[in-house]
Structures are given as structure tokens and as C-alpha cells.
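I have placed the structure first, in the form of C-alpha cells, so that the comments after it can refer back to it.
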Amino acid sequence: MAPTKAPDSSRRSDRSRRAIHDAALALVTEVGYRRTTIEGIAARAGVGKQTIYRWWPSKAAVLMDAFLDLAGRAAEEVGAGPGETAPGIPDTGDLVADLKLVLRATVDELNDPTLEAPTRALTAEGVVDAKLGAEFVHKLLDPQLALYVTRLRAAQEAGDVRADADPRIALELLIGPLMHRWLLRTLPLTHAYADEIVDYAIGGLAPRT
């Protein structure tokens, strides 16, 4: 008889983790963060609760890991390698056009039902859980904001942005209004609004004559 091949425990673990990630994201989208439970995630993923608690201390930690995995897969789809962030903001020489392109893509992501519910859940939970909030910023927000800093510094070198402008504050002029409207649902989040944000911000960042 041919020897029986031993099960690959690492592959089984990877499948279980992916199933748990997918279950957490699906439940948050379907029933909301508050009604999502470890028990529900375990049942949806077809694993025991102890499996989840072996890897994560809370449902917030599960959701954070699931969202990071989702973001990583999205980055790979647009050309980044495993573990890398998405490609940087394009530099065509036209700062306004480049920023409008990226902010429009951000609008589409925030309006995507697959991403909206977990993003809102993590954002809200991060307000009351300082540790989770810091992790959310460090792992999810900072890498994305760094792309804006890089593009704005290039614009400064090209003379398109004031040399004394702080790129970190400048990027908040772009991202802040977008997130404010999205979080509070004050008005619809649209491409037209993203374009207007860029026009308003760049008008204040342009070199003084």
C-alpha cells in the first residue's frame, strides 16, 4: 500500500482563517457590528469558538484581521505584491487630476457595501477602544496617508505646492471633508464632491504670487 500522506495543518489553518475572515465581514455587513458575535462567526465559518479564541481575543480583533486581509487582497488585484500596499498616487505632472482620480476611487471604496460596514464598525469601535483605534491607524490609515505625503512632496519639488506647506496637514484638507461627510452621512458622497474638495484644497496650497 502507498503511504498515507499526512494532512497539511498549515493549509487547514489558512482555510480556517479565511473562512473566519469571510464570515466576520459577511455578518458585519448583514446584521451590523453589535449583533455580530464570536458564536455567529464560528457557526458561519464552520469552526468551533475555541478556534477563534486561539487566534483572536475579541470580535474586534477578528474584524481588524479580516479587514487587513481584505485590503491586502484588494492591493494585489491592483498590482501590489503580497504584503505590499497598493501602488502610490499617480504622478502625471497634473496634481489636480491625480488627486481627483484617487479621491474618486476613495469615494467608490467608501460606498462599496463590502467595505462600508466593516470600515464603519472599525472606525466606531476605535473611538471607544484606544488600543484598537491605534492599531487601525497604524495598520490601515498610515500606509495610505503616506502615499499622499509622497505625492504632495513631489508637487512641492515641482513648484505646484507651497514650499512651506506641511504635507500631513495638506492631505487632511483632502481626506477630512470626505470622511466627515461619509461618517455623518450629512450629504451624498459623490465624485463631484471629491472633485470640489481637490479644487478647494489646491487653491489654498498653490504657491502665492
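All values below come from the heavy atoms of this structure, side chains included, with hydrogens, waters and symmetry mates left out.
Rounded to the nearest 0.5 Å, atoms NZ (K131) and OG (S58) are 9.0 Å apart. With rounding to the nearest 0.5 Å, the separation of CD1 in I41 from CD1 in I38 is 4.5 Å. Annotation: the span from I20 atom CD1 to I52 atom CD1 amounts to 4.5 Å, rounded to 0.5 Å. Taking CD1 of I197 as the reference point, atom CG of L173 lies at 10.0 Å (rounded to 0.5 Å). Note that the CZ atom of F136 and the CG atom of L68 stand 9.5 Å from one another [nearest 0.5 Å]. Going from atom CD1 of I89 over to atom CG of L147 covers 6.0 Å, rounded to the nearest 0.5 Å.
Smallest separation of non-hydrogen atoms from L132 and G126: CD2-N, 4.2 Å. Between N111 and L189 the shortest heavy-atom distance is ND2-O, 3.1 Å. Taking each heavy atom of L183 and R120 in turn, the nearest pair found is O-NH1, 3.3 Å. Here the closest heavy-atom approach between residue A42 and residue G48 is recorded as CB-C, 4.1 Å. Residues V137 and P143 share a closest heavy-atom pair of O-CD, 4.3 Å. Looking at every heavy atom in both residues, R168 comes nearest to D166 through N-OD1, 2.9 Å.
Not a single salt bridge (charged side-chain N to carboxylate O under 4.0 Å, His left out) links D94 to another residue, sequence neighbours left out. Applying the side-chain contact (heavy atoms from CB on, under 4.5 Å) criterion to T29, with sequence neighbours excluded, gives A117, P118. Applying the side chain to side chain donor-acceptor pair (under 3.5 Å) test to E135 and every residue at least two apart in sequence or in another chain returns K139. Every side-chain contact (heavy atoms from CB on, under 4.5 Å) that R18 has, sequence neighbours left out, goes to D22, D69, R73. Applying the salt bridge (charged side-chain N to carboxylate O under 4.0 Å, His left out) rule to D195 yields the partners R104; only residues at least two apart in sequence or on another chain are considered. Scored by the side chain to side chain donor-acceptor pair (under 3.5 Å) test, E109 finds no partners at all (sequence neighbours excluded). In this structure, the salt bridge (charged side-chain N to carboxylate O under 4.0 Å, His left out) partners of K100, at least two apart in sequence or on a different chain, are D199. For R153, the salt bridge (charged side-chain N to carboxylate O under 4.0 Å, His left out) test picks out no residue, with sequence neighbours left out.
Residues T150 and P167 have side chains not in contact (no heavy-atom distance under 4.5 Å, counting atoms from C-beta outward). Taking the side chain as every heavy atom from C-beta outward, D65 and W55 never approach each other to under 4.5 Å. In this structure the side chain of L95 reaches within 4.5 angstrom of the side chain of R151, judged on heavy atoms. Residues L178 and R181 fail the side-chain proximity criterion, which asks for heavy atoms closer than 4.5 Å. Proximity of P177 to E196: side-chain heavy atoms (C-beta onward) are nowhere separated by under 4.5 Å.
Among residue pairs with one or both ends in residues 29-48, those qualifying as salt bridge (Lys or Arg N to Asp or Glu O under 4.0 Å) are E30-R44, E39-K49; sequence neighbours excluded. Residue pairs meeting the salt bridge (Lys or Arg N to Asp or Glu O under 4.0 Å) criterion with at least one partner in residues 154-164, sequence neighbours excluded, are R162-D164. Residue pairs satisfying the side-chain hydrogen bond (donor to acceptor under 3.5 Å, both in side chains) criterion with at least one member in residues 182-194, sequence neighbours excluded, are listed as follows: D108-H191. Listed by first and then second residue, the ring-ring contact (aromatic ring centres under 6.0 Å, His included) pairs that reach into residues 14-35 are H21-W56, sequence neighbours excluded.
Residues L101 and V96 do not share a hydrophobic cluster, defined by chaining ILVMFWY side chains whose heavy atoms lie under 4.5 Å apart. Hydrophobic clustering keeps I175 apart from Y200 (ILVMFWY residues linked when any side-chain heavy atoms are closer than 4.5 Å, directly or through intermediates). Under a hydrophobic-cluster definition in which Ile, Leu, Val, Met, Phe, Trp and Tyr are linked whenever side-chain heavy atoms come within less than 4.5 Å, directly or via other members, L205 and I169 are assigned to different clusters. Connection of L27 to Y53 is established within a shared hydrophobic cluster, with ILVMFWY side chains joined at heavy-atom distances below 4.5 Å, either directly or through further cluster members.
Between L25 and the choices L70, T36, L115, the side-chain contact (heavy atoms from CB on, under 4.5 Å) rule is met once, by L70. Put simply, the residue from V62, T119, L63 that forms a side-chain contact (heavy atoms from CB on, under 4.5 Å) with V28 is L63.
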### Message
Working note: T37 + K59, criterion side-chain contact (heavy atoms from CB on, under 4.5 Å); need CA distance, chi angles, decisive distance, verdict.
### Response
CA-CA 7 Å; T37 63; K59 71 174 181 179; 5.6 Å; no
